[in-house]
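Source: prediction; values computed, not measured. All heavy atoms count here, side chains included; hydrogens, waters and symmetry mates do not. Note that the numbering runs from 1 along the sequence shown for the chain.
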Amino acid sequence: MANNITKKWWHDKVAYQIYPKSFYDSNGDGIGDLPGIIDKLDYLKDLGIDIIWLSPCYCSPLADEGYDISDYYNIDPRFGTMADMDQLIDEAKKRDMYILMDLVVNHCSDEHEWFKKACEDPEGKYGSFFYLRNKTDGELPTNWRSYFGGPVWDDLPGTDKQYLHVFHKKQPDLNWENPELREEVYKNINWWLDKGLAGFRIDAIINIKKALPLRSYEPDRDDGLCNIHKMLKDAKGIGEFLGEMRDHTFKKYDAFSVGEVFNEKPEEIPDFIGENGYFSSMFDFNETVFGSSEKGWYDAKPITPDDYKRCCFESQAKIGDIGFLSNIIENHDEPRGVSRYIPEGECSPQSKKLLAALNFMLRGLPFIYQGQELGMENVPFSSIDEIDDISTLDEYQVALKAGLSPDDALNAVAKYSRDNARTPMQWSDGANAGFTTGTPWLKVNPNFVSINAAAQKDDPNSVKNFYKKLIALRKNPEYKETVVYGSLEPIWEDVHNLMAYYRKGAKTLLVIGNYQMDIQTVTLPSSYKRVLVNNYADIAENGQTISLNAYQVLILEM
Ligand code: GLC
Ligand code: CA
């Protein structure tokens with residue numbers, strides 16, 4: 001039954017992630033921009049979106065596509081101006097919409113003032129904003145492997161020191177042990193909240209606490225290095241930083257914050273997203289990380305419908321009434337969800353709708369990633385030269401070193417490439433999918449001729465209009481309480497390729513998905529009152545027995 005959670009302004013909302021570089025280009029330079037987002041606000045409003053998360057658009061050399069910030073107080077000219085940002089916040093407000101920015105404070109860019117000053121004077125104030133160690137011949141301070149490959153240490157230019165970067169070498173880690181650095185971070189957050197932002201998505205945050213004193217761990221590959229998670233497991237006390245950040249910033253504004261949190265321990269969940277948690281919410285990555293391998297992407301194992309179901313239910317059970325998860329099918333760091341969670345060769349409007357409904361009806365805050373509402377799919381990459389993402393380029397090398405042929409390595413990493421999600425948004429079947437009048441910075445998925453927003457707009461059976469229906473159900477005054485706050489109870493959990501669950505509140509809803517091509521029969525435990533959502537025109541039923549069609553999904557009021 002509904003629960004004791006304290007209601008928050010954002011609970012009943014629907015969120016949407018924009019990757020600005022690939023959303024809509026207003027000036028023909030091939031790069032999406034803030035005026036482009038303003039142009040498309042009505043599209044989002046019409047879909048039913050309330051909260052918009054923007055991936056970074058601050059000044060950046062774009063070594064990691066904006067997740068390397070050189071000025072936290074300015075907009076990169078490629079994305080627009082501060083006036084555009086102010087206008088975006090304003091225009092969103094007019095439409096009862098909220099803007100979140102991305103808070104990237106585990107690291108900055110090596111082109112940030114702080115880092116430049118640290119190079120000039122490593123012993124000075126800014127030297128202690130980073131993790132610096134004296135350089136010793138033939139030995140690194142620790143043997144940790146960066147997320148993007150290679151050691152986490154590089155020479156601090158012009159000095160006899162080295163600096164730590166758990167991501168790319170152009171992303172030096174900030175030293176959160178230093179109270180002066182923390183003050184700078186809070187000042188920046190509050191500056192943006194004062195401007196009228198509704199909150200932040202918080203990037204890579206579990207990395208801010210290092211296990212001290214820094215030390216090496218057991219190597220786990222031939223390179224003699226070890227996975228960063230070995231160190232993170234050992235790092236205690238992140239809560240002190242996160243609690244301080246909440247109290248100095250978000251809490252004062254009743255701002256929404258959603259953490260990119262991996263590997264949290266079950267006993268920590270209340271601290272993270274419970275009443276007075278560090279964050280309002282955190283993403284559920286249980287499905288995302290399924291099948292990943294210590295060895296690299298080339299060794300990852302695909303996820304089956306039964307695995308997908310198990311992952312979703314596991315997270316739901318773990319969180320229960322403690323707080324609100326943020327549910328995703330994909331984001332800018334992942335392949336397209338329809339290409340990943342629907343078995344190969346079975347992607348169709350029906351199966352895409354099934355995935356949408358099963359995910360959207362989970363308890364929590366739904367996030368839609370740009371193009372997901374159109375059923376955008378992975379990209380057929382035919383050469384590694386078509387790939388921009390630094391992470392994919394590294395994983396390609398890892399695969400080659402493991403002995404894969406160049407073709408096999410490409411096939412293996414292309415499936416997981418972050419660029420699958422980063423190709424331009426498919427607005428129409430016109431030139432460059434209507435994304436730009438210039439040359440797009442990243443290739444357009446050739447399937448834009450059939451999968452695009454214009455084609456789906458007036459087609460009542462389109463994937464997009466199905467998303468609209470799901471959103472409308474979440475907002476329908478009659479069902480809202482149940483969809484937002486109702487408990488989740490799995491049913492028929494052990495039935496192969498069937499994912500079904502109740503949402504129970506003032507109403508009782510039953511979500512049933514036949515996660516396969518073959519017809520499957522279920523007998524309802526009671527009769528239903530109404531069909532709220534169906535991705536087919538009819539239901540084949542005989543009394544309480546229903547024959548579900550290929551990838552048929554139903555939301556029934558019981
Ligand atoms: C997060 C971002 C990812 C980025 C990384 C480093 O995981 O989502 O895009 O590369 O942090 O900032
Ligand atoms: Ca542009």
Side-chain angles (χ1 to χ4, degrees), residues 13-23 32 37 44 47 49 51-57 64-67 99-104 106 147-148 167 199-207 256-264 279-292 297 300 303 308 311-312 315 324-342 352 355-356 358-360 362 364-379 388-392 395 414-426 442 445 467:
K13 304 288 185 263
V14 176
Y16 189 94
Q17 181 190 355
I18 289 183
Y19 195 69
K21 201 173 181 188
S22 302
F23 192 60
I37 298 173
L44 297 174
L47 185 59
I49 303 303
I51 298 178
I52 299 172
W53 151 30
L54 303 180
S55 275
C57 49
D64 186 21
E65 295 305 353
Y67 285 89
I99 304 288
L100 311 177
M101 284 178 87
D102 215 307
L103 185 69
V104 189
N106 172 67
Y147 286 104
F148 296 146
F167 291 95
F200 287 92
R201 175 265 186 179
I202 303 168
D203 183 71
I205 196 68
I206 50 156
N207 297 284
F256 173 76
S257 58
V258 52
E260 187 195 21
V261 178
F262 286 100
N263 299 86
E264 77 287 348
F279 307 126
S280 312
S281 179
M282 64 188 194
F283 289 110
D284 177 22
F285 291 122
N286 211 25
E287 306 88 69
T288 320
V289 299
F290 181 91
S292 61
W297 291 359
I303 180 166
Y308 183 81
C311 287
C312 291
S315 297
F324 244 59
L325 278 174
S326 286
N327 296 315
I328 59 163
I329 289 182
E330 64 210 36
N331 66 27
H332 68 293
D333 290 331
E334 301 300 329
R336 289 290 178 176
V338 293
S339 302
R340 180 186 213 161
Y341 301 121
I342 298 169
K352 290 173 183 181
L355 184 64
L358 292 178
N359 187 272
F360 210 83
L362 294 172
L365 178 67
F367 272 75
I368 297 172
Y369 177 74
Q370 66 183 44
Q372 178 187 322
E373 76 278 22
L374 306 175
M376 277 179 66
E377 298 173 5
N378 274 358
V379 182
D388 165 86
D389 165 34
I390 47 179
S391 187
T392 315
E395 292 287 349
K415 268 193 228 152
Y416 296 98
S417 176
R418 305 197 294 180
D419 280 351
N420 285 304
R422 296 178 179 186
T423 58
M425 174 78 174
Q426 293 165 203
L442 189 65
N445 192 325
Y467 267 95

Residue pair [X] / [Y], side-chain heavy-atom distance below 4.5 Å:
{"X": "I328", "Y": "T288", "answer": "yes"}
{"X": "F23", "Y": "L54", "answer": "no"}
{"X": "F285", "Y": "S315", "answer": "no"}

- Taking only residues two or more places apart in sequence, or in another chain, which ones meet F279 in a ring pair (Phe, Tyr, Trp, His ring centres under 6.0 Å)? none
- Query: Who pairs with F200 by ring pair (Phe, Tyr, Trp, His ring centres under 6.0 Å), at least two apart in sequence or on another chain?
  - Reply: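 F200: no ring pair (Phe, Tyr, Trp, His ring centres under 6.0 Å) contacts found.
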Looking at residues at least two apart in the chain, or sitting in another chain, which of them share a salt bridge (charged side-chain N to carboxylate O under 4.0 Å, His left out) with [X]?
{"X": "D64", "result": "R418"}
{"X": "E330", "result": "R336"}
{"X": "R201", "result": "D102, D203, E260"}

- Give the ring-plane orientation class for F283 versus F367, where under 30° counts as parallel, over 60° as perpendicular and anything between as tilted.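 Judged by the thresholds at 30° and 60°, the geometry between F283 and F367 is perpendicular.
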- Classify the ring geometry between H332 and W53 as parallel (under 30°), tilted (30 to 60°) or perpendicular (over 60°). perpendicular
- Return yes if some donor-acceptor pair links the side-chain N/O of D419 with the main-chain N/O of D389 below 3.5 Å, else return no.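 The answer is yes, because a donor-acceptor pair under 3.5 Å joins these two groups.
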- Query: Can you list the residues that meet the side-chain contact (heavy atoms from CB on, under 4.5 Å) rule with S281, with sequence neighbours excluded?
  - Reply: W10, F256, V258, S326
- Message: Quiz question: by atom type and distance under 3.5 Å, do the side chains of E373 and Y16 form a donor-acceptor pair?
- Response: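 Result is yes, a qualifying pair exists.
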- Item | Pair N207, Y147: side-chain N/O donor-acceptor within cut-off below 3.5 Å | yes
- Query: Is any NZ, NE, NH1 or NH2 atom of the basic residue among R422 and E65 found under 4.0 Å from an Asp or Glu carboxylate oxygen of the other?
  - Reply: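 Salt bridge absent between R422 and E65.
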